[in-house]
Protein chains: 2
Amino acid sequence: MSGEHRHAEPDKLTKNQALVFHALEGSEKPLGAYDLLDALRGDGLRSPLQIYRALDKLIGMGLVHRLESLNAFVLCIHCGEEVRPDNAAFTICTACGRVTELNDSSLARLLAQLAEATGFALEQSTVELRGLCAACQAA
Amino acid sequence: MSGEHRHAEPDKLTKNQALVFHALEGSEKPLGAYDLLDALRGDGLRSPLQIYRALDKLIGMGLVHRLESLNAFVLCIHCGEEVRPDNAAFTICTACGRVTELNDSSLARLLAQLAEATGFALEQSTVELRGLCAACQAA
DNA sequence: GAGACATAGGTGATGTTATTACATTCGTCA
DNA sequence: TGACGAATGTAATAACATCACCTATGTCTC
């Protein structure tokens, strides 16, 4: 798989990118593109495309992850760091909706190995685990 | 994570389920719900809901998998077997669109372990690997 | 067979997510 | 200043998915 994301600080974001970034930052749960749009109408954003463009850039910088199974987006937990790993996996609680990012190097290795075994050139992986978080099992 | 899918033979499918099943069977690549609808209009299917309902059942039986990152569907490679594993992972070639199902028990174990380590009760996992298949790397 | 129940199907409308096309503005650098 | 690439603004539309409501079919029991 490819390397890590380097040196794309939250500083030098454009206006729209910063708006989307901070909206995600303020949310416990993943947000959909249209959730973000609704949240940012007061800041002058009017069209889905504005959101999607900002998200694309943020994802490209490794600051945001897309959750394929939710069609939603979360901040990378490493977004304040210089170098961000690109091997994220996620747990998604089907009860409370909270998402946790895991970065496990043995998982990354195993996926790389599985791909290699079939001659597949791995570029990107999506790992999303559904179930109940500890808190929701207790409840 | 949960067990396997048992004894849901392609025999006892309803008419719509069988139509969708055979349409997927005849396709090299994953098909979207609306692809299926277009393919099956000649057989009397007219609405997306008919497709989605059939897909839901087929997925429930373990005969079909949904690819979250493509919003598309493929047959399970074990669909002719008595017992189907529920630990599928997929490679998705970004060049030719072909999808390959992998069933690796060490991956399943590792995911279970990762989940357990954080107290997460794993119910279902989505693993989708993007890159180039062997054929497309050669080309 | 009649009644009750569960599962499946048919249809139209609607909701949600994502992209296309095209024009404009901004930032940087020669 | 002028040129270029990146970012933005806007409307329209495409692609994916579900809701609400009603009808049909199969099965089990009496």
Side-chain angles (χ1 to χ4, degrees), chain A residues 7-24 27 29-61 63-74 92 94 97 126 128, chain B residues 7-24 27 29-61 63-74 92 94 97 99 126 128 130:
Chain A
H7 288 280
E9 306 317 278
D11 313 344
K12 43 176 110 163
L13 298 179
T14 66
K15 174 176 152 273
N16 289 359
Q17 288 161 18
L19 287 169
V20 169
F21 182 88
H22 290 114
L24 285 173
S27 171
K29 302 181 189 176
L31 295 177
Y34 284 74
D35 296 333
L36 286 163
L37 180 54
D38 289 342
L40 296 173
R41 276 189 208 283
D43 299 286
L45 296 199
R46 296 154 197 278
S47 101
L49 189 48
Q50 294 174 293
I51 304 294
Y52 283 109
R53 284 201 278 229
L55 285 169
D56 282 349
K57 293 296 177 185
L58 293 169
I59 291 169
M61 296 173 195
L63 295 172
V64 166
H65 296 292
R66 176 186 172 99
L67 296 162
E68 297 290 352
S69 64
L70 297 177
N71 295 325
F73 305 85
V74 287
I92 301 170
T94 52
T126 296
E128 299 178 15
Chain B
H7 288 281
E9 308 314 280
D11 313 344
K12 44 177 109 166
L13 298 179
T14 66
K15 172 176 153 275
N16 289 0
Q17 288 161 18
L19 286 169
V20 169
F21 182 89
H22 289 114
L24 286 173
S27 172
K29 301 181 189 177
L31 295 177
Y34 284 73
D35 296 333
L36 286 163
L37 180 53
D38 289 344
L40 296 173
R41 277 189 208 284
D43 299 286
L45 295 201
R46 295 152 199 280
S47 102
L49 190 49
Q50 293 174 294
I51 304 294
Y52 283 109
R53 284 202 276 227
L55 286 169
D56 283 349
K57 293 298 175 185
L58 292 169
I59 291 169
M61 296 173 194
L63 295 172
V64 166
H65 296 292
R66 176 186 173 101
L67 295 161
E68 297 289 352
S69 63
L70 298 177
N71 294 326
F73 304 86
V74 288
I92 300 170
T94 52
V99 166
T126 296
E128 299 178 15
R130 233 156 271 295

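When reading the values below, keep in mind they use all heavy atoms of this one structure, side chains included, and skip hydrogens, waters and symmetry mates. The sequence lines fix the lettering, A, B, ..., with proteins before strands; numbering per chain opens at 1.
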From CG of A/Leu70 across to P of C/dT16 the rounded distance in Å is 16 Å

Item to complete: Show the numbers, then the answer: is there a side chain to side chain contact (heavy atoms under 4.5 Å, CB included) between B/Leu24 and B/Leu63?
Response: CA-CA 10 Å; B/Leu24 286 173; B/Leu63 295 172; over 6 Å; no

Nearest heavy-atom approach of A/Pro30 to A/Ala72 is CB-CB, 3.8 Å

To the nearest 0.5 Å, atom CG of B/Asn16 lies from atom CG of B/Leu40 at 8.5 Å

Taken to the nearest whole Å, CD1/A/Ile51 to P/C/dT16 is 16 Å

Among the nucleotides C/dG10, C/dT11, D/dA17, whichever has the atom closest to the side chain of B/Ala33 is D/dA17

Comparing B/Gly44 with A/Asp56, nearest DNA chain C nucleotide closer to 5' gives the residue B/Gly44

Could you go through nucleotides 5-8 of chain C and list every protein N or O atom that sits under 3.5 Å from one of its N or O atoms, giving the distance for each pair?
| residue | atom | partner | partner atom | Å |
| --- | --- | --- | --- | --- |
| C/dA8 | OP2 | B/Lys57 | NZ | 2.9 |

Rounded to whole Å, the CG-P distance (A/Leu67 to C/dA18) equals 11 Å

(Q) Check the phosphate of C/dG10 against B/Arg46, side-chain N and O only, distance under 4.0 Å to OP1 or OP2. Yes or no? (A) no

Of all heavy-atom pairs linking B/Leu55 and B/Ala33, the shortest is CD1-CB, 4.4 Å

On a heavy-atom basis, the closest approach of A/Arg66 and A/Ile59 is CB-CD1, 4.1 Å

On DNA chain D, more 5' by nearest nucleotide between A/Gln50 and B/Arg66 is A/Gln50

A/Asn71 has its side chain closest, among D/dT18, D/dC16, C/dT17, to C/dT17

Q) Is a donor on one side and an acceptor on the other found under 3.5 Å between the side chain of A/Glu128 and the backbone of A/Glu68? A) yes

- Query: Do A/Leu13 and A/Met61 come close enough that some side-chain heavy atom pair is under 4.5 Å?
  - Reply: yes

In whole angstroms, the gap separating P of D/dA7 from CG of A/Leu45 amounts to 15 Å

Between B/Leu31 and B/Ala23, the two heavy atoms sitting closest are CD1-O, 3.8 Å

Per nearest nucleotide of DNA chain D, the residue lying toward the 5' end, A/Pro48 or A/Ala54, is A/Ala54

Rounded to whole Å, the CG-C1' distance (B/Leu36 to D/dA15) equals 14 Å

Please list, for nucleotides 20-26 of chain D, all pairs of protein and nucleotide N/O atoms separated by less than 3.5 Å.
none

Does A/Tyr34 make a side-chain donor-acceptor contact with the base of C/dA18, cut-off 3.5 Å?
-> yes

To the nearest angstrom, the CG-C1' distance between A/Leu37 and C/dT19 comes to 15 Å

Identify all side-chain donor-acceptor contacts of residues 45-54 of chain A below 3.5 Å with residues at least two apart in sequence or on another chain.
| residue | atom | partner | partner atom | Å |
| --- | --- | --- | --- | --- |
| A/Ser47 | OG | A/Leu49 | N | 3.3 |
| A/Gln50 | OE1 | A/Arg46 | N | 2.7 |
| A/Gln50 | OE1 | A/Ser47 | N | 2.9 |

From CG of A/Asp38 across to P of C/dG15 the rounded distance in Å is 14 Å

Centroid under 5.5 Å and tilt under 30°, A/Tyr52 to C/dT19
no

note: B/Asp35, atom CG; D/dA14, atom P; distance rounded to Å ~ 16 Å

Separation between CG (B/Leu67) and CD1 (B/Ile92), nearest 0.5 Å, reads 5.0 Å

